[in-house]
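It should be emphasised that the depicted structure is a prediction, and the values quoted were computed from it without experimental measurement.
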Amino acid sequence: MRASRYLLATVKETPADAVVISHQLMLRAGMIRKLASGLYSWLPTGLRVLQKVEQIIREEMNNAGAQEVLMPVTQPIDLWDESGRASNFGPELLRFTDRHGNGFCLGPTHEEVITDLARNELHSYKQLPMNFYQIQTKFRDETRPRFGVMRSREFIMKDAYSFHLDHASLEDTYQIMYDAYCRIFDRLGLNYRAVAADTGSIGGSGSHEFHVLAQSGEDAIAFSDSSSYAANVELAEAIAEGERAAPEKPLQLQDTPGAKTIADLVSQFQLPIERTVKTLVVAASEAAGGGLIALLVRGDHELNELKAEKLPQVAAPLRFATNEEIREAIGAGPGSLGPLNLPIPCLADRSVAVMSDFTAGANIDGKHYFGINWERDLPLPDTADLRDVVEGDPSPDGQGRLTIKRGIEVGHIFQLGTKYSEALKATVLDENGKSLPMPMGCYGIGVTRVVAAAIEQNFDERGIIWPEAIAPFQIALIPVNLKKSPRERELCEQLYRQLTEAGFEVLYDDREKERLGVKLSDAELIGIPHRVVVAERGLDDNTVEYRARRESENTLVAPDAIVQFLRDRLK
RNA sequence: CGGAGUAUAGCUCAGCCUGGUAGAGCACUACGUUCGGGACGUAGGGGUCGUAGGUUCAAAUCCUGCUACUCCGACCA
């Protein structure tokens, strides 16, 4: 591609409304332009990257035995009534009516459409399993689109849906998809983790999220430093370490005026924070008799609301008690609560159960007990996993310790089960002529989000640093001064021809009006991994200058050796 | 959906408080100089100041409604 005939569309200044780095760089590099909130046009440079990502996904899906289809963006609302999701999807589902008065929506996902297709086309167990995918535009009317293409309203997704005779077959395909996803993200050149995930409202037994690790990620992920264990922090099981030590200190009631928080207590009395207990009061479930229940976590730990809500004793959704409720039930304010002499039921986090000689509120305003010990001063309450894991916790699989990093969710695989096949009556006959709903799996990758995530993970102060596999161009060919030097022009034209014929994607910066500095910064901004500079002074020594995007030194190479040199570098 | 803010040239923004002639830098066009890390000079083109109304002799500027966009929060396969 000749730069003089190409819409480079780079901009020097950072656009005002971009806050994350990928959004800023995608605008500056001329990859995207905003049309309206959450809606973006893809310019040539952006589209080149997008299509490379799509192609890698397509190849690996095909290799994994999936078949590509293409379904409409516009879907009849009737199908959504049939699955029951029309009523519970809410305003994120953009609905409208056609000229005949029939209801439609823009597809935020395609379970309904594919299940409708499957019920019409699949009739026998002999056809199963089958796995269909598409790479296609979705629309979700997000309440608050942000971060450019990372959370836009219209976006491109690869979504796949598999159909099975039984659950064992679903698990086979699920594993095949898991492996295919690993190959896809490996090939994309991204640092990622497959993470055990909550199945959420969709239900089903198995689910993994694929996260690209990046500072700006919206999710926190815990993973083992010595095994493949990884889970969303919200889900990772917190394990207590060690045995409870024997009591050493006497129980003491102390005046602690002004110590309303754990932080106050720790600083005023020089206590180790791991020897303090936080007492949080929430609504108890009907099954547990209603009223309030206290949850105990160590002073340096945080309550995990998701875990708490799932406990049978705790009301769902989780609701914290008001100050008035606490005072009425306990007779003290929230800053002075503890397990000793507590008139309401309580549950202790596992880590709390192994504490000794600890400090907690006395359930009397302005007083705390110091030197509390289980089974000496009070019985050990029921224990449960109540807290978020923290860095350094033992890994739940027993191997190594947990590290916590932030991640961007770019893929999600689910075992859906028969939710949709039952609702839409997608059944096949088995060997015995019995009609069965097909268990389903679904497997998504946010294609446009992958592009943004790749940038979040690979940039410097000069711009994007693309992984080789998805760079818009592989090589930038840059003459120092085309206008002045017919020799440079002659060599560049020759190299451009040779490199292109060798199968490389080359951006040949033949712009005559731009100076060298502009061309170099443009090539760096759009993140071309390799560059070759052709200069008059090198011609005398029979050299051209090569530099990789990540390097800071030039390598001099003879012009007639550069094609082979690049072949070796790009291997 | 709750809270806050913004809207002036293609982009980044000044002007508004204190009403009277619409500005700068970048980008764009022409010419000249310059030419290995985002050059310089001269001359130009480009804006119904988001929109509708109100106050006023006079509104980018003051007031009100509307719309769009951004940020914080809630929400999110």
| request: Please check the phosphate of U12(B) (OP1 and OP2 only) for any side-chain N or O of Thr14(A) closer than 4.0 Å. | output: no
| request: Go through the side-chain N and O atoms of Glu59(A) and Gln55(A) and say whether any donor and acceptor fall under 3.5 Å apart. | output: yes
| field | Integer angstrom distance from the P of A27(B) to that of U12(B) | value | 15 Å
| Any sub-3.5 Å donor-acceptor pair from Asn62(A)'s side-chain atoms to Gly65(A)'s backbone N or O? | no
| request: Could you let me know what G50(B) is paired to, Watson-Crick or G-U wobble, both distances under 3.5 Å, or none if it's on its own? | output: C66(B)
Restricting to nitrogen or oxygen on both sides, can you table the protein-nucleotides 3-6 of chain B pairs closer than 3.5 Å?
none

| task | Select base, sugar-phosphate, or nothing to describe what Lys34(A) touches, counting heavy atoms under 4.0 Å on all strands. | result | sugar-phosphate
| Quantified in whole Å, what is the P atom distance between nucleotide U48(B) and nucleotide A43(B)? | 25 Å
| query | How long is the line joining CZ of Phe210(A) and P of A77(B), in whole Å? | reply | 18 Å
| query | Would you say the side-chain atoms of Thr173(A) and Asn131(A) include a donor-acceptor pair closer than 3.5 Å? | reply | no
| request: Verify whether the ring centers belonging to Tyr181(A) and Tyr443(A) lie closer than 6.0 Å. | output: no
| said: Could you tell me how far apart Arg153(A) (CZ) and C75(B) (C1') are, to the nearest whole angstrom? | reply: 15 Å
| Nucleotide U70(B), atom P - distance to CG of Asp17(A) in whole Å | 6 Å
| said: Please classify the nucleic acid contact of Arg547(A) as base, sugar-phosphate, or nothing, using heavy-atom distances under 4.0 Å. | reply: base
| Phe139(A) CZ to A77(B) C1': how many Å, rounded? | 16 Å
| Any chance the side chains of Ser162(A) and Tyr174(A) put a donor and an acceptor closer than 3.5 Å? | no
| task | Can you sort out the partners of Leu516(A) under side chain to side chain contact (heavy atoms under 4.5 Å, CB included), two or more places apart, ordered by chain and number? | result | Ile478(A), Val480(A), Leu520(A)
| request: Can you tell me the distance, in whole Å, between the CG atom of Asp509(A) and the P atom of G36(B)? | output: 15 Å
| query | Separation of Gln24(A) atom CD from U12(B) atom P, in whole Å? | reply | 12 Å
| request: Select base, sugar-phosphate, or nothing to describe what Glu545(A) touches, counting heavy atoms under 4.0 Å on all strands. | output: base
| So what does Val480(A) hit on the nucleic acid, given a heavy-atom distance under 4.0 Å: a base, only sugar-phosphate, or nothing? | base
| request: Measure from CZ on Arg487(A) to C1' on C35(B) and round the result to the nearest Å. | output: 17 Å
| query | Considering only A39(B), C76(B), C72(B), which nucleotide approaches the side chain of Val518(A) most closely? | reply | A39(B)
| request: Would you please indicate yes or no on a ring centroid separation below 6.0 angstrom for Phe504(A) and Tyr496(A)? | output: no
| What interatomic distance, in whole Å, is found between C1' of G23(B) and the corresponding atom of G15(B)? | 7 Å
| Pairwise P distance, C35(B) and G45(B) [rounded to whole Å] | 31 Å
| When all nucleic acid strands are considered with a 4.0 Å heavy-atom cut-off, which category describes Arg33(A): base, sugar-phosphate, or nothing? | nothing
| Would you say the side-chain atoms of Glu234(A) and Asn304(A) include a donor-acceptor pair closer than 3.5 Å? | no
| query | How is Asn481(A) classified with respect to the nucleic acid when contacts are heavy atoms under 4.0 Å: base, sugar-phosphate, or nothing? | reply | base
| task | Provide the distance between the two P atoms, one in A39(B) and one in C76(B), to the nearest whole Å. | result | 50 Å
| message | Just to be sure I understand the rule, does Asp159(A) reach a base, reach only the sugar-phosphate, or reach nothing, if contact means heavy atoms closer than 4.0 Å? | response | nothing
| query | Is it the case that Lys278(A) and His301(A) place a side-chain donor and acceptor less than 3.5 Å from each other? | reply | no
| said: Categorize Glu524(A) for me: base, sugar-phosphate, or nothing, with a 4.0 angstrom heavy-atom threshold over every strand shown. | reply: base
| request: Write down the distance separating the P atoms in C63(B) and A22(B), rounded off to the nearest Å. | output: 23 Å
| said: So Thr143(A), base contact, sugar-phosphate only, or nothing? Heavy-atom distance under 4.0 Å. | reply: base
Could I get a table of every N or O pair under 3.5 Å where one atom is in the protein and the other is in nucleotides 25-33 of chain B?
| from | atom 1 | to | atom 2 | distance (Å) |
| --- | --- | --- | --- | --- |
| G25(B) | N2 | Glu13(A) | OE2 | 3.0 |

